[in-house]
Amino acid sequence: MNFVTRNLLALAITGVGATVALTAQAASIQITVTNNQAAGGLSITPLYAALHNGNFDAFDLGGTASPGLELLAETGMPPVIAAERRAIDPNSQALFLESPSGPPPVQPGESVSGIFEVNTPSALFFTFLSMLLPSNDHFIGNDNAREFQIFDDNGNFTGNRTINVTGADIYDAGTEANGFEGAAFVQGADINDSPTGEGSIQQGIPLSDELLASGVLLATGGTLNDGLIDFTSDPSAFNLLTIEISEVAPVPLPASAPLMLAALGLLGWRVRRKTVS
């Protein structure tokens, strides 16, 4: 093999390696959550977002909260429900989207983004969960584990979408009684207190009036505006959050790619010519 052929081969191998790497690169899916509430409205703990095979059913209306959901609904912490998710689908993934400034909760007007790196040949579904703030055990989430299919059965991204989270997506976990005692994100309340709750996951339960009492301050020093937090009178019209799911454009081929492919073609021509002759 002469000098020119050796160099063409090296260039061709480099080109093939780069092309394969680009082809095998995982799809990048961006999740953005925006709190649509005005000042004095509701906040959420950092959003727990998961991609899974459709078998991770985090909760059922009327059912009993799992230990993982109980912890998330009362404190916003996801480690136990993350373990429950992995036990059901070991290949599932999750993001924890917290405020980039100030306290971790996503407060009125804030927007937070994160990216999933996904490499899958099969269907994937999206689940979101978060504790509603302030509250004792109110949370948001999608009751149907297969409501949002993000990748089809062949592993193809199904397209950008926007999920509008309304009062209809707010639940009471039934694990703690509603009131000042044990409430999260409230000054003077001990989150470790846990008065006995209703016992089952329910909808349409308002926040306790005790959280609206004179002198009750949020962890940020602000107060709730009673006129902004009624999510039970017309749940579907209560605009809490927007979750946007979009594909991040793949990195384009480098400018040297045509040269690499040309080198590969030229190498093939030289080898074929030598074989024929």
Side-chain angles (χ1 to χ4, degrees), residues 33 42-90 92-98 104-106 125-148 163 165-186 189-211 219 229 231-232 235-236 238 240-241 243:
V33 55
L42 300 170
S43 299
I44 62 166
T45 57
L47 187 77
Y48 183 72
L51 289 178
H52 55 89
N53 61 10
N55 293 325
F56 172 55
D57 189 6
F59 67 96
D60 291 300
L61 182 62
T64 301
S66 69
L69 182 65
E70 179 177 2
L71 183 64
L72 184 139
E74 292 186 5
T75 69
M77 300 300 291
V80 179
I81 203 161
E84 292 172 356
R85 186 202 82 240
R86 290 191 297 269
I88 295 170
D89 179 6
S92 60
Q93 298 174 258
L95 286 176
F96 197 49
L97 304 180
E98 63 181 21
V106 183
F125 299 83
F126 177 75
T127 286
F128 67 91
L129 295 164
S130 179
M131 181 185 185
L132 191 71
L133 297 174
S135 78
N136 296 82
D137 62 345
H138 279 70
F139 70 97
I140 61 169
N142 51 303
D143 186 13
N144 181 354
R146 299 188 174 223
E147 183 176 0
F148 306 114
I163 300 171
V165 181
T166 70
D169 301 300
I170 298 176
Y171 300 86
D172 186 306
T175 58
E176 185 173 299
N178 297 317
F180 180 85
E181 183 184 3
F185 208 57
V186 177
D190 186 349
I191 196 173
N192 294 309
D193 293 336
S194 187
T196 303
E198 300 83 3
S200 62
I201 299 171
Q202 302 178 37
Q203 277 181 312
I205 297 180
L207 298 180
S208 170
D209 289 339
E210 294 180 13
L211 301 181
I229 64 170
F231 55 83
T232 60
S236 61
F238 184 81
L240 180 59
L241 308 172
I243 300 174

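Just so you know, residue 1 is the first one in the sequence shown, and it goes up from there.
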Contacts of Arg146 that satisfy side-chain hydrogen bond (donor to acceptor under 3.5 Å, both in side chains) - sequence neighbours left out: Asn55
CG-OG distance between Leu207 and Ser135, expressed to the nearest 0.5 angstrom: 6.5 Å
From Arg86 atom CZ to Phe56 atom CZ, the distance as rounded to the nearest 0.5 Å: 10.5 Å
Interatomic distance, Ile205 atom CD1 to Asn178 atom CG [nearest 0.5 angstrom]: 6.5 Å
Audit row: Asp169, Ile163, side-chain contact (heavy atoms from CB on, under 4.5 Å) steps and yes/no: CA-CA 11 Å; Asp169 301 300; Ile163 300 171; over 6 Å; no
Minimum heavy-atom distance Ala177-Thr196, with the two atoms named: CB-O, 3.2 Å
Sub-4.5 Å side-chain heavy-atom contact between Leu240 and Leu132: yes
From CA spacing to verdict: side-chain contact (heavy atoms from CB on, under 4.5 Å), Leu51, Phe126: CA-CA 5 Å; Leu51 289 178; Phe126 177 75; 4.1 Å; yes
Contact summary for Asp57 and Ala145, nearest pair of heavy atoms: CA-CB, 3.9 Å
Closest approach of Gln203 to Ala168 (non-hydrogen atoms, all atoms of both residues): NE2-O, 2.7 Å
Candidate pair Leu133 and Thr45, rule side-chain contact (heavy atoms from CB on, under 4.5 Å), full reasoning: CA-CA 7 Å; Leu133 297 174; Thr45 57; 3.7 Å; yes
Where Gly141 and Tyr171 come nearest, the two heavy atoms and their spacing: O-CE1, 3.5 Å
Parallel, tilted or perpendicular: rings of Phe128 and Phe148 (30°, 60°): tilted
Pair Ile201-Leu69, side-chain contact (heavy atoms from CB on, under 4.5 Å): steps then yes or no: CA-CA 10 Å; Ile201 299 171; Leu69 182 65; 3.7 Å; yes
Spatial distance of atom CG (Asp137) from atom CG (Leu71) [nearest 0.5 Å]: 12.0 Å
Pairwise distance CG(Leu129) to CG(Asn142) - rounded to 0.5 angstrom: 7.0 Å
Side-chain donor-acceptor contact under 3.5 Å, Glu70 with Thr175: no
For Pro46 against Pro104, the heavy-atom pair lying closest together: CG-O, 3.6 Å
Nearest atoms (heavy-atom pairs only) where Pro67 meets Val80: C-CG1, 4.0 Å
Heavy atoms from other residues, nucleotides or ligands near CG of Asp193 exceed 12 (cutoff 6.0 Å): yes
Residue from Ile191, Asn136, Leu211 passing side-chain contact (heavy atoms from CB on, under 4.5 Å) with Val186: Leu211
